[in-house]
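Below, chain A is the first sequence line, B the second, and so on; all start at residue 1. Only a predicted model underlies this, so the values are computations on that prediction, with no experimental measurement involved.
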Amino acid sequence: MVLLFAERSDDELFRQALAFARGLDGDQLHAVGIDDADGYSPDGWASALAQLIRERAPGAVLSPGSERGNEVLAHVAAQLDLPFAANCVSVAPGDPLTVTRVRWGGSLLEEARLHGSPALVTVAPHAVAADTTGVEVELVGPAPEAQTRMSERLEAVSAGVSLADADVVVSGGRGVGSAEGFVIIEELADLLGGAVGCSRAVTSAGWRPHTDQVGQTGTKISPSLYIACGISGATQHMAGCKGAKKLLAINPDREASIFANADYVVIGDLHEVVPAISAEIRRTRGG
Amino acid sequence: MNILVCVKRVPLTGGKIVLTEDERAISTRHLGFTISPHEECGCEEAVRLIEQHGGSSTVLTLGPPEAEEQLRDMMAIGIDRAVHLLTDGEEWDPQATASAIAASIGAEPEPYELLLFGNESADAGNYQVAIRVAYKLGLPCVTGIKAISVQDGHVRCEQEMPGGSRDVYELPMPAVVTVKEGINLPRYPSVPGRLRAKRKPVESSTPARAGEPKSGLEMVRLTLPPGSGKQAEVLGDGAGAAPAVVGVLHELGLV
């Protein structure tokens, strides 16, 4: 039997985890969610799941590899002293189970044996296509003896197009050269109704806030078009933009590794190319 | 206040990862080393909290002898002391890592009020060592924290949610907190800082690895994901490429 933890039952990551769970055991699948009337509690939610695991003895416990999915399953693993494999893209049946999991934000894969029963696994985002049929989710109450619970939620202060949801993202890297250099990046993003992004080198230099950073430790984006200007394409950065449908890379270095992942390439200095693109857009719009 | 920050030595990967012949590690012949970005911010946060409240900060790593370089890098930005749990270079799984870290913390004469970790390591990304350490020490734990403030024996933590809202937690100390990049902008080490760090002692010991060799999460091998298979279309050189770029924008329905 597979126990599937539904941190949320209405989102894309849950439907992907559901498809993944059906592939593991399509016949005996129990999806459970936690009644969150008292607010989120990582250890409390995990205690509730651990109790279910003791009662129902599943062979595997799955969850979406969301922040909270990973957090709750890690708490379950610590409470039951079991191994836990985070962000798996596939599992092969057997004793022990063999999993393939994501490292370096997806730049590397690890094959590992998971010695423990039940197997605790979270499903890496976009490892499989989402299930479209749905499943009934049983709601259980959180354990009353929770040690840690959120006390309040501060709502987001919205400012323009959000990076995570933007349909077009124009990013600048070290090649932009300065904070002021981003004026031409902002101009192109504005013309395309998109958001401005940047690489980690840029936030480390203090040219842009961390909220603009695309990457493994920044924001993961999935726009229709990603325009990467003066970005070499380190694994740290590519982990954040591999969800982009199309990638246009502008870089003076013919050997830049970002070109291996690009759909379109312009070889040249972004300080010349980017303003020329903005001017051309204005010209075609007759302005 | 005593603050501990746990860090992990990882290679500075460039654009392309090459594996060793046995497929169990990244070939680092041409690479430098660093720590995970989240952990760098953890060290900066510890230095700032000690500047504000007084006390002492400690950086701890479990790793090969070469990881001393990363401990000194963090002392160079202002961490006071370093603890090195030596391994032979083979990667330990999360359970063995957490056991050794918890045992080392438990053996300290002075307790830590705040134990900081990165939300996940840059390389393995197991998302669990800090949480396991918290349970072994019987401490509360929150993860993915983007703001910390300390007052009256409590730590207030803000966790960033998808969409930008923030969930707030108030924990009694001692507590385990994992942080994310963006909580602060880490400083660069100064030259005097580097010189001071060179002279500071590193307390090293060699812990026994808990668990059977074939237990827990046992890494078998690493593989490179299939390439994008993309053949990029070169739109041109320099500013002269602009009309071709706008042609593509038209095709994609963006202008």
Side-chain angles (χ1 to χ4, degrees), chain A residues 40 67 70-71 74-75 77-79 83-87 102-104 106-115 147-148 150-156 168 192 200 206 210 216-217 224-225 232-235 246 248 257 259-268 272-273 276-277 279-281 284, chain B residues 13-17 37-38 93 95 122-128 131-132 135 140-144 158 163-171 180-182 185 214-225 227-228 230 232-239 241-243 245-246 248 252 254-255:
Chain A
Y40 174 65
E67 297 285 345
N70 282 327
E71 182 179 40
H75 275 267
Q79 289 180 8
F84 156 47
N87 288 326
V102 161
R103 282 189 170 228
W104 290 100
S107 303
L108 195 58
L109 298 173
E110 169 191 357
E111 282 177 28
R113 294 189 192 100
L114 186 56
H115 300 269
Q147 194 176 19
T148 304
M150 63 170 276
S151 54
E152 63 173 311
R153 170 162 294 182
L154 311 173
E155 291 307 327
V168 178
L192 296 171
R200 183 163 182 262
H210 186 266
Q216 189 181 340
T217 49
S224 301
L225 176 67
S232 65
T235 54
K246 296 283 180 189
L248 161 63
S257 58
F259 288 166
N261 294 295
D263 298 278
Y264 310 101
V265 161
V266 174
I267 296 157
E272 294 165 15
V273 179
I277 295 170
E280 183 67 14
I281 292 171
T284 57
Chain B
T13 55
K16 189 171 184 295
I17 288 178
H38 298 319
D93 86 332
Q95 284 172 288
D123 60 345
N126 285 309
Y127 290 84
Q128 58 191 269
I131 292 169
R132 290 186 189 275
Y135 275 86
C141 176
V142 290
T143 66
E158 294 181 14
S165 64
R166 289 185 169 214
D167 284 358
V168 180
Y169 299 81
E170 302 259 2
L171 306 185
K180 276 191 167 180
E181 189 180 57
L185 182 59
K214 293 193 186 308
S215 67
L217 182 63
E218 182 204 351
M219 195 245 281
V220 179
R221 68 180 185 120
L222 301 175
T223 59
L224 293 168
S228 68
K230 283 180 182 174
E233 180 184 344
V234 179
L235 300 178
D237 278 23
V245 170
V246 175
V248 165
L252 298 175
L254 297 170
V255 288

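Residue contact with chain B, scored on non-hydrogen atoms closer than 4.5 Å, involves the side chain of A:N87 exclusively. For B:I131, the parts lying under 4.5 angstrom from a heavy atom of chain A are both the backbone and the side chain. Only the side chain of A:H210 comes within contact range of chain B, with at least one heavy atom under 4.5 Å from a heavy atom of that chain. With a 4.5 angstrom heavy-atom cutoff, A:V168 touches chain B only via side-chain atoms. In this structure, the portions of A:E110 lying under 4.5 Å from any heavy atom of chain B include both its backbone and its side chain. The contact between A:S151 and chain B is made by backbone and side chain atoms together, counting heavy-atom distances below 4.5 Å. Both the backbone and the side chain of A:Y264 come within contact range of chain B, judged by heavy atoms closer than 4.5 Å. Interface remark: B:L252 contributes side-chain atoms only to the contact with chain A (heavy atom separation under 4.5 Å). With a 4.5 Å cut-off on non-hydrogen atoms, B:V246 touches chain A through its side chain but not through its backbone. Heavy-atom distances place both the backbone and the side chain of B:E181 under 4.5 Å from chain A. Within the 4.5 angstrom heavy-atom criterion, no atom of A:A279 approaches chain B. Looking at A:L248, only its side chain comes within 4.5 Å of chain B, counting heavy atoms on both sides. Heavy atoms of B:L254 lying under 4.5 Å from chain A belong to its backbone as well as its side chain. Proximity to chain A (any heavy atom under 4.5 Å) is restricted, for B:Y135, to the side chain, taken from C-beta onward.
The residue among B:M219, B:K16, B:R132 with the most heavy atom pairs within less than 4.5 Å of chain A is B:R132. For the set B:C141, B:G14, B:A124, the entry with the most heavy-atom pairs within less than 4.5 Å of chain A is B:A124. Note on A:V102, A:L108, A:L192, A:L114: by heavy-atom pairs under 4.5 Å with chain B, the leading option is A:L108. Interface remark: of the candidates B:D123, B:D237, B:V245, B:D93, B:D123 forms the most heavy-atom pairs closer than 4.5 Å to chain A. With chain A as partner, the option from B:A232, B:G164, B:A241 having the largest number of non-hydrogen pairs under 4.5 angstrom is B:A232. Taking B:V234, B:T223, B:N126 one by one and counting their heavy-atom pairs under 4.5 Å with chain A, the maximum is reached by B:T223. When each of B:A239, B:A242, B:G236, B:G216 is scored by its heavy-atom pairs under 4.5 Å with chain A, the top score falls to B:G216. Interface check for chain B: of the options A:R153, A:E67, A:Q147, the most heavy-atom pairs under 4.5 Å are formed by A:R153. Annotation: maximal heavy-atom pairing with chain B below 4.5 Å, among A:A74, A:A77, A:P83, occurs at A:P83. Chosen from A:R200, A:E155, A:Q79, the residue pairing most often with chain B at heavy-atom distances under 4.5 Å is A:R200. When each of A:S107, A:G106, A:S232 is checked for heavy-atom pairs under 4.5 Å with chain B, A:S107 comes out on top.
Closest heavy-atom contact between A:T148 and B:P140: OG1-CB, 3.6 Å. Pairing each heavy atom of A:V266 with each of A:F259, the nearest pair is O-CZ, 4.3 Å.
Atom OG in B:S165 sits 11.5 Å away from atom CD in A:E152 (nearest 0.5 Å). Taking NE2 of A:H115 as the reference point, atom CD of B:E218 lies at 4.0 Å (rounded to 0.5 Å). Rounded to the nearest 0.5 angstrom, B:R166 CZ and A:M150 CE are separated by 13.5 Å.
A:Y40 is linked by a side chain to side chain donor-acceptor pair (under 3.5 Å) to A:E71, counting only residues two or more places apart in sequence or in another chain. The side chain to side chain donor-acceptor pair (under 3.5 Å) search around A:D263 returns B:K230, not counting sequence neighbours.
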Intermediate values then yes/no, side-chain contact (heavy atoms from CB on, under 4.5 Å), B:Y127 and B:T143: CA-CA 9 Å; B:Y127 290 84; B:T143 66; over 6 Å; no
